[in-house]
Amino acid sequence: MQRWGFILCMGLGVLFLQTGSGAVPPPGSQVKPQNEVEAQAGQHNNEGVQLAEQGRHREAIRAFQKAVALSPSFASAHYNLGLSYNSLQQFKESSQAFRAAVQAQPNYGDAWHQLGIVLQAQNQFEAASKAYELALSLMPNSPNLLYRLGYVFLNLQNWAQAAFYWEQLQDGYPDHPASLSLQQHLPHLYFNLGTVLYGAGDLSGAEKALDRAVRSQPGYGEALYNLGLVYMAQEHYDRALKILRDARSVQPRNLDVILSLSRAYVLSDSLAKADQVLQNALKEWPGQVSVYQNLADIQLRLGHIPQAVAHALTAVLHAPENPTGFKLLAHIYEHNTQGERYGPGFDSEKAIRAYQRALILDATDVATHFNLGVLYGRLGNWADSWKAFKKAEAIDPQYPGVVKWLPEVEKRYRENKGQ
């Protein structure tokens with residue numbers, strides 16, 4: 001719990017600006033010497049402190065208000081006023097008082113700190129972070145500020161900044177009461193940071209963050225899984241296999257982990273091991289479409305076309321409304337029995353029908369239109385090839401395959417049309 005200290009006024013000469021301007025007072029009014037005004041402001045402040053220490057905050061507020069009314073630049077009285085408002089959970093008035101304190105004294109670290117607390121209590125995390133950062137610049141050895149900065153940035157989902165401040169707290173103040181609780185939160189913080197960096201394409205940063213998550217909490221399954229994905233994206237397949245095997249041992253019934261482990265085996269050219277992982281998965285998840293799709297891909301890579309077709313057809317039967325299955329099936333049909341794509345004897349009719357079925361389910365898939373156009377072109381059917389390419393162009397004019405091959409297809413189409 002934050003412990004507040006009200007500030008007594010012992011000597012006001014240093015605290016106030018001398019503002020005697022020599023202006024002529026209005027008729028009938030009395031002007032007190034400036035030092036006498038300041039002395040009265042100090043008395044009201046001290047009275048307010050005594051009342052606040054007795055828990056009589058409403059009376060204290062009136063005393064502090066008298067103090068700042070007499071001396072608007074009395075930073076300590078504004079600060080004390082803010083504390084009393086805060087005790088009554090009058091956060092709007094409290095924040096106004098603390099803002100007046102730092103306006104009167106910009107290097108008032110405690111007032112910036114308390115302003116941050118009030119803003120945080122109102123869920124104004126962005127504003128609170130700015131107040132805390134200013135306070136930290138004035139009080140750099142405050143572990144409480146490090147903790148609060150980490151907390152507000154956590155709420156802002158700024159994982160990098162939250163980790164930055166909480167790492168400083170944990171490393172510099174290991175005996176601080178919050179350090180123990182950070183051991184529970186930091187792994188998840190690193191995990192969130194890692195996934196954000198991974199999504200942004202920063203693989204190196206993602207690796208470091210996810211590695212910290214795993215080191216902070218050994219056996220953190222989701223962090224292990226995502227770290228494996230990062231290693232695969234970096235083409236570090238041996239590392240990926242090790243991490244994903246660890247992830248599977250922690251989460252043996254997580255299908256995403258098992259599919260990724262199989263994929264890592266595929267990428268490291270261990271197709272037999274990948275196939276075995278998926279065959280074991282079928283025992284746990286019979287009829288799982290993604291397992292059959294991955295099995296079909298492995299059999300295709302092995303050149304086992306009939307087995308690949310069988311797995312792809314099974315996937316289609318289990319998910320007839322999923323265009324991915326039909327696209328996979330069409331891709332397999334593009335291979336002959338020797339595993340050569342577009343090689344002699346490949347089943348062009350079945351490939352075309354599978355692509356057409358995929359387009360019935362998703363007519364906006366530019367890659368399917370493109371692949372169908374390529375298939376027609378290889379068969380010498382330039383009219384249908386041109387039509388497919390034009391549909392692909394209408395969906396995405398910048399699609400690389402369309403940009404590269406449409407001029408040639410159009411040329412062939414015009415030539416054949418003129419014959």
Side-chain angles (χ1 to χ4, degrees), residues 225 229 232 253-267 271-343 345-379 381 384-385 387-389 391-392 395-396 399-402:
Y225 166 60
L229 297 182
M232 279 201 288
R253 291 189 55 78
N254 187 323
L255 184 57
D256 289 332
V257 171
I258 291 169
L259 291 174
S260 295
L261 176 59
S262 171
R263 183 66 178 164
Y265 276 124
V266 168
L267 293 171
L271 297 177
K273 289 184 179 179
D275 185 78
Q276 187 59 53
V277 168
L278 294 174
Q279 293 292 349
N280 291 335
L282 281 181
K283 298 174 184 177
E284 293 285 334
W285 296 279
Q288 179 58 243
V289 172
S290 56
V291 175
Y292 282 111
Q293 289 174 342
N294 280 272
L295 281 168
D297 176 67
I298 291 170
Q299 293 302 317
L300 177 61
R301 290 171 182 270
L302 289 168
H304 301 161
I305 305 305
Q307 293 91 328
V309 169
H311 288 309
L313 283 171
T314 304
V316 167
L317 289 171
H318 281 92
E321 302 304 317
N322 186 344
T324 301
F326 288 100
K327 289 186 287 184
L328 174 61
L329 185 59
H331 179 65
I332 295 169
Y333 281 137
E334 289 174 337
H335 295 73
N336 63 13
T337 54
Q338 287 74 45
E340 181 184 358
R341 192 177 186 186
Y342 307 122
F346 81 94
D347 201 331
S348 59
E349 291 185 7
K350 288 183 179 179
I352 289 170
R353 285 201 299 270
Y355 276 135
Q356 289 173 336
R357 181 59 184 271
L359 288 172
I360 290 172
L361 297 171
D362 182 7
T364 64
D365 189 337
V366 62
T368 302
H369 285 290
F370 171 76
N371 288 331
L372 187 57
V374 171
L375 184 55
Y376 281 133
R378 286 187 170 272
L379 296 173
N381 184 347
D384 285 338
S385 178
K387 290 177 184 177
F389 268 84
K391 289 179 180 178
I395 296 169
D396 182 2
Y399 190 74
V402 171

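Keep in mind the model is a prediction, meaning the values are calculated, not measured.
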Could you list the donor-acceptor pairs under 3.5 angstrom formed between side-chain atoms of residues 257-266 and any protein atom two or more places apart in sequence or on another chain?
from	atom 1	to	atom 2	distance (Å)
S260	OG	D256	O	3.0
S262	OG	A274	O	3.4
Y265	OH	R245	NH1	3.2

What heavy-atom pair brings A392 and V402 nearest, and what distance separates the two atoms? CB-CG2, 3.6 Å
Result of checking L295, N294, V289 against V291 for side chain to side chain contact (heavy atoms under 4.5 Å, CB included): L295
So which heavy atom on A296 is nearest to which on A312, and how close? CB-N, 3.8 Å
Show the numbers, then the answer: is there a side chain to side chain contact (heavy atoms under 4.5 Å, CB included) between Y225 and N254? CA-CA 10 Å; Y225 166 60; N254 187 323; 5.7 Å; no
Exercise: identify the closest heavy-atom pair between N371 and E334: O-OE2, 4.4 Å
Can you tell me how far the CZ atom of R357 sits from the CZ atom of F326, to the nearest 0.5 Å? 4.0 Å
Among all residues two or more places apart in sequence or in another chain, which pass the side chain to side chain contact (heavy atoms under 4.5 Å, CB included) test with Q338? N336
Pair listing, ring-ring contact (aromatic ring centres under 6.0 Å, His included) test, anchored in residues 353-376, at least two apart: F370-F389, F370-Y399
Minimum heavy-atom distance A330-A354, with the two atoms named: CB-CB, 3.5 Å
Donor-acceptor pair between N280 and E284 side chains, under 3.5 angstrom: no
Would you check if L278 and H311 make a side-chain contact, meaning some heavy-atom pair closer than 4.5 Å? no
Decide yes or no on side chain to side chain contact (heavy atoms under 4.5 Å, CB included) for Y292 and L313, but give the supporting numbers first. CA-CA 9 Å; Y292 282 111; L313 283 171; over 6 Å; no
Residues at least two apart in sequence or cross-chain that pass side chain to side chain contact (heavy atoms under 4.5 Å, CB included) with S348, listed by chain then number, are F346, L379
Under the side chain to side chain contact (heavy atoms under 4.5 Å, CB included) test, residues paired with D365 that sit two or more places apart: K327, D362, A367, T368
Closest approach of Q356 and L372, non-hydrogen atoms and distance? CG-CD2, 4.4 Å
Minimum-distance pair of heavy atoms, taken over all atoms of G339 and I305: CA-CD1, 3.9 Å
Sequence neighbours excluded - side chain to side chain donor-acceptor pair (under 3.5 Å) pairs with any residue from residues 295-308: D275-Q299, D297-R301, Q299-H304
Please round to the nearest 0.5 Å and tell me the distance separating atom OG1 of T314 and atom CD of Q288. 13.0 Å
Is the shortest side-chain heavy-atom distance between R341 and H331 below 4.5 Å? yes
So do the side chains of I352 and E349 get within less than 4.5 Å of each other, counting heavy atoms only? no
